[in-house]
Number of protein chains: 2
Amino acid sequence: MNYSVSEENYIKTIFHLQKKEGTVTTNELAGELKTRPASVTDMMKKLKAKKLLHYQPYQGFRLTTDGSKVALGIIRRHRLWEYFLAEKLKFTWDEVHEVAEELEHVSNKKLIDKLDAYLGFPKKDPHGDPIPDAQGKIESGKKIRLPEVPLHTSCLVSGVTNQSGEILELLKHKKIRIGTTLEVRKRFEFDQSLEIRTGKQTIINISRELAENILISYES
Amino acid sequence: MNYSVSEENYIKTIFHLQKKEGTVTTNELAGELKTRPASVTDMMKKLKAKKLLHYQPYQGFRLTTDGSKVALGIIRRHRLWEYFLAEKLKFTWDEVHEVAEELEHVSNKKLIDKLDAYLGFPKKDPHGDPIPDAQGKIESGKKIRLPEVPLHTSCLVSGVTNQSGEILELLKHKKIRIGTTLEVRKRFEFDQSLEIRTGKQTIINISRELAENILISYES
DNA sequence: AACTTAATTTAGATTTGTCTAAATTATTTT
DNA sequence: AAAATAATTTAGACAAATCTAAATTAAGTT
Ligand SMILES: [Mn+2]
Ligand SMILES: [Mn+2]
Ligand SMILES: [Mn+2]
Ligand SMILES: [Mn+2]
């Protein structure tokens with residue numbers, strides 16, 4: 001019922017990785033967590049023994065229903081703390097993740113539920129990712145990536161898929177953040193770069209690499 | 001420069017224990033931390049190697065100047081979180097300690113200094129204990145215990161020496177908290193119990209055991 | 001001062017999480 | 001399908017933090 005910091009970091013990372021591919025591999029996870037494949041295999045045996053993981057040697061792995069529930073609890077804590085840090089302590093967008101990475105492991109249910117209430121039950125973290133509620137329910141999302149957005153259609157930045165310091169720095173420089181309204185004006189076939197309008201009349205260029213990491217919703 | 005949760009719990013506990021006695025013994029520390037004396041000895045060697053502790057076998061131990069600095073950092077984090085939990089999240093007096101016991105180990109300087117600012121640089125935690133500032137400076141206190149207070153003199157409850165659930169429950173029942181104004185009306189020689197006035201005209205009795213754990217200042 | 005008891009330390013073991021190097025299995029290329 | 005390469009697992013080791021049981025040192029008592 002209570003998991004170590006290590007176990008929690010593995011569980012949460014598997015949850016995120018399996019979203020994209022359905023199943024997660026040893027090397028993928030080792031890369032993400034900056035450990036060695038052998039360490040991953042060791043931990044996978046442990047998580048399987050605790051019935052949090054489906055795993056047969058050489059077959060990759062994914063979380064069981066129980067494992068996903070645990071993951072959603074960790075993600076709820078992480079994102080609530082991120083919201084707190086940004087909203088109340090005035091951390092910037094790109095600083096919150098690192099701190100939340102530690103705070104997420106303080107797992108006192110009453111603490112988290114009271115924090116949630118204090119923050120006014122926020123629906124999204126500062127990166128635009130949905131915050132699971134106390135029951136572990138999470139908003140579906142149905143976001144698309146910027147390259148898929150049709151031309152000349154106003155749309156809303158609702159997240160980024162990659163949250164490295166590098167991309168956040170670039171977005172900050174281009175003044176793009178969650179909630180920014182965009183319109184794609186031109187798509188260049190040569191390099192798949194985009195010309196977009198932000199705000200009233202600012203015209204900027206965005207590389208294919210960057211565009212693929214910007215998530216869009218039409219909610220407004 | 002960075003210490004494990006275990007090391008931090010040892011360091012903090014030594015700091016509190018050495019305040020009373022000057023020097024701390026193996027069994028004392030084992031009792032307080034709910035570990036075995038052998039484990040204490042192991043850790044003392046480690047802390048000595050890190051120059052946080054004065055320690056010669058069989059001679060007891062106390063923190064070095066460096067060790068005390070580390071302790072004050074932990075205590076600062078602990079008490080700021082206690083203040084946050086009580087003030088912002090509406091935890092009660094007796095619930096905050098347990099949660100702060102975990103939060104104190106998230107040691108990100110920027111987080112703590114921003115939290116401090118957000119809370120308005122509080123001087124005291126919800127138990128009346130002083131909060132060290134960012135430089136590790138802590139208020140001297142110069143508190144006395146209730147039995148030493150002269151008769152018929154209005155004074156102020158500023159803390160408790162024992163913070164067990166039991167004493168907090170008792171104080172809550174007697175409606176005594178930090179900031180309560182008291183006056184000792186009678187002292188009974190037979191059992192050293194006290195008759196005191198709280199607030200305008202409430203007269204209650206307090207046992208010797210309880211009185212010895214109530215700290216008083218005259219600041220108001 | 002010798003004996004007894006209490007406190008402390010040491011020796012050796014265990015659990016958790018990690019690693020390197022070697023062995024095994026799966027996948028891709030020829 | 002064999003050979004080469006890549007991915008994964010196993011074997012064995014290590015550091016951190018803990019424990020039990022035994023040995024040692026200190027303190028208290030006759
Ligand atoms: Mn994050
Ligand atoms: Mn984490
Ligand atoms: Mn603690
Ligand atoms: Mn306190």
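Hydrogens, waters and symmetry mates are skipped; everything else that's a heavy atom, side chains included, is used. Chain A is the first sequence line, chain B the second, and so forth, proteins listed ahead of strands; every chain is numbered from 1.
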Does one side chain, of [X] or [Y], offer a donor that lies under 3.5 Å from an acceptor on the other?
X	Y	result
B:Asn162	B:Ser164	yes
A:His97	A:His127	no
A:His78	A:Glu82	yes
A:Asp66	A:Thr64	no

Distance, rounded to the nearest Å, where [X] contributes [atom1] and [N] contributes [atom2]:
X	N	atom1	atom2	result
A:Arg36	D:dA15	CZ	P	18 Å
B:Phe61	C:dT8	CZ	P	7 Å
A:Leu29	D:dA7	CG	P	15 Å
B:Gln59	D:dT25	CD	P	13 Å
A:Tyr58	C:dA23	OH	P	13 Å

Q: Answer with base, sugar-phosphate or nothing: what part of the nucleic acid does B:Pro57 contact at a heavy-atom distance below 4.0 Å?
A: sugar-phosphate
Q.
Go nucleotide by nucleotide along DNA chain C from the 5' end; which of A:Thr35 and B:Glu28 gets its closest nucleotide reached first?
A.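 The residue mapped nearer the 5' terminus is B:Glu28.
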Q. Between B:Asn27 and C:dT8, does any side-chain N or O lie under 4.0 Å from OP1 or OP2?
A.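 Result: yes.
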Q. Are B:Ser39 and D:dC19 close enough that a side-chain N or O sits under 4.0 Å from OP1 or OP2?
A.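 For D:dC19, OP1/OP2 do have a side-chain N/O of B:Ser39 under 4.0 Å.
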Q | Between B:Phe84 and A:Phe84, ring centroids under 6.0 Å | A | yes
Q: Enumerate the residue pairs fulfilling salt bridge (charged side-chain N to carboxylate O under 4.0 Å, His left out) with a member in residues 94-118 of chain A, sequence neighbours excluded, ordered by first and then second residue.
A: A:Lys12-A:Glu101, A:Lys12-A:Glu104, A:Arg76-A:Asp113, A:Arg76-A:Asp116, A:Asp94-A:Lys172, A:Glu95-B:Lys110, A:Lys109-A:Asp113, A:Lys110-B:Glu95
Q.
Check B:Glu8 with B:Arg77, please: is the shortest side-chain N to carboxylate O separation under 4.0 Å?
A. yes
(Q) Just to be sure I understand the geometry, which residues of residues 3-19 of chain B put a non-hydrogen atom under 4.0 Å away from DNA chain C? (A) none
Result block: side-chain N/O donor-acceptor pairs under 3.5 angstrom for residues 49-58 of chain A, not counting sequence neighbours:
residue : atom : partner : partner atom : Å
A:Lys50 : NZ   : A:Glu7  : OE2          : 2.7
A:Gln56 : OE1  : A:Lys48 : NZ           : 3.0

Q | B:Ala38 side chain, from C-beta outward: closest of D:dT9, D:dA7, C:dT10 | A |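 Selected nucleotide: C:dT10.
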Q. Between residues 41-55 of chain B and DNA chain D, which residues have a heavy-atom gap below 4.0 Å?
A.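 Residues of residues 41-55 of chain B that come under 4.0 Å of DNA chain D are, in numerical order, B:Asp42, B:Lys46.
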Q.
Quick check with a 6.0 Å cut-off and a 45 degree axis cone: is B:Lys88 positioned over the face of B:Tyr118's six-membered ring?
A.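 Ring-cation test returns yes.
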(Q) For a 4.5 angstrom cut-off between non-hydrogen side-chain atoms, does A:Val40 reach A:Phe61? (A)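 Result yes, sub-4.5 Å side-chain heavy-atom pair found.
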(Q) B:Glu212: which residues meet the side chain to side chain contact (heavy atoms under 4.5 Å, CB included) condition with it, sequence neighbours left out? (A) B:Pro147, B:Arg208
Q) Which stems does DNA chain C form, counting runs of 3 or more consecutive Watson-Crick or G-U wobble pairs with both distances under 3.5 Å? A) C:1-30 with D:1-30
